[in-house]
Enquirer: 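Mind looking over this structure? Questions follow.
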Amino acid sequence: GQNIDQPTEMTATEGAIVQINCTYQTSGFNGLFWYQQHAGEAPTFLSYNVLDGLEEKGRFSSFLSRSKGYSYLLLKELQMKDSASYLCAPYNAGNMLTFGGGTRLMVKP
Amino acid sequence: EAQVTQNPRYLITVTGKKLTVTCSQNMNHEYMSWYRQDPGLGLRQIYYSMNVEVTDKGDVPEGYKVSRKEKRNFPLILESPSPNQTSLYFCASSPNNEKLFFGSGTQLSVL
């Protein structure tokens, strides 16, 4: 099985930087996804990390440490539209993608 | 337009009345999957399919059936729905078992 831990809720201010952490325990780890999900909508792909390190994609960056079972999603220059849930999802060798409960981010003016 | 199409978007039914939620993708993806999403529990995988005529159980398969007779379609069947299957359901497909493309979701209520 897989254990995935991420904060339930976070609040940040427009224009600020926020880091959403995710720790996981899984067998046969292949990589880790981050998805964004606005209320009532389908999840949309943000990033996929296979190797250790930081991958930057515009205002969003994702970091992975395979040895520590740890990842984070970094959101810069926060905008109101970034208010959403962010789902951490480890992917294992058994072709299983398992989602964490998600972190609900609220961006305030 | 490349997309995953689920129908219906909303469904209210009664206990025991068989129903099918359809899912179709036009991207020629081999991998397809069904998830349910419940408050506090996140997305949980019900069934997945690696290719035509190949299906496997996910984390919560009880009470559900699927079929994959052709690559583009992956219907979810509830033979005898119960109230604990009230949930938001998502179908997804992928070209390489990795990045998922999700449908718009089906909100199911079983009374």
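Note on naming: letters A, B, ... go to the chains in the order of the sequence lines (proteins, then strands), and numbering restarts at 1 for each one.
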Enquirer: If hydrophobic clusters are built by linking Ile, Leu, Val, Met, Phe, Trp and Tyr wherever their side-chain heavy atoms come under 4.5 Å apart, do A:Leu74 and A:Met10 end up in the same one?
Expert: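 Shared cluster, no.
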Enquirer: Of all the residues in residues 37-66 of chain A, which have a heavy atom that comes within less than 4.5 Å of a heavy atom in chain B?
Expert: A:Gln37, A:Gly40, A:Glu41, A:Ala42, A:Pro43, A:Phe45, A:Tyr48
Enquirer: Heavy atoms, side chains only, cut-off 4.5 Å: are B:Leu100 and A:Tyr35 in contact?
Expert: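 They are in side-chain contact.
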Enquirer: State plainly whether one hydrophobic cluster holds both B:Tyr89 and B:Tyr10, where clusters connect Ile, Leu, Val, Met, Phe, Trp and Tyr through side-chain heavy atoms under 4.5 angstrom apart.
Expert: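 Hydrophobic grouping puts B:Tyr89 apart from B:Tyr10.
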Enquirer: Crowded around B:Leu41 CG? As in, over 12 foreign heavy atoms under 6.0 Å?
Expert: yes
Enquirer: Do B:Leu76 and B:Leu108 sit in one hydrophobic cluster, given that two such residues count as connected whenever their side-chain heavy atoms are within less than 4.5 Å of each other, even indirectly?
Expert: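 B:Leu76 and B:Leu108: one cluster.
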Enquirer: Taking side chain as everything from C-beta outward and backbone as N, CA, C, O, which of these in B:Phe101 sits under 4.5 Å from a heavy atom of chain A? Side chain, backbone, both or neither.
Expert: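 Neither part; nothing is under 4.5 Å.
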Enquirer: Does atom CD of A:Gln79 have more than 12 heavy-atom neighbours from other groups under 6.0 Å away?
Expert: yes
Enquirer: Show me the pairs that pass salt bridge (Lys or Arg N to Asp or Glu O under 4.0 Å) and involve residues 5-25 of chain A, at least two apart or across chains.
Expert: A:Glu9-A:Arg104
Enquirer: Enumerate the disulfide (SG to SG under 2.5 Å) contacts for residues 52-92 of chain A, please, sequence neighbours excluded, ordered by first and then second residue.
Expert: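 As it turns out, the disulfide (SG to SG under 2.5 Å) pairs with a partner in residues 52-92 of chain A, which skip direct neighbours, are A:Cys22-A:Cys88.
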Enquirer: Where the side chain of B:Tyr35 meets the backbone of A:Phe99, is there a donor-acceptor pair that is under 3.5 Å apart?
Expert: no
Enquirer: Below 4.5 Å from any heavy atom of chain A, which atoms of B:Gln107 appear? Answer side chain, backbone, both or neither.
Expert: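 Neither part; nothing is under 4.5 Å.
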Enquirer: Compile the donor-acceptor pairs under 3.5 Å between side chains in residues 78-85 of chain B and protein atoms, sequence neighbours left out, one pair per line.
Expert:
from, atom 1, to, atom 2, distance (Å)
B:Glu79, OE2, B:Lys65, NZ, 2.9
B:Ser82, OG, B:Asn84, OD1, 2.6
B:Gln85, OE1, B:Ser82, N, 3.0
B:Gln85, NE2, B:Gly63, O, 3.1

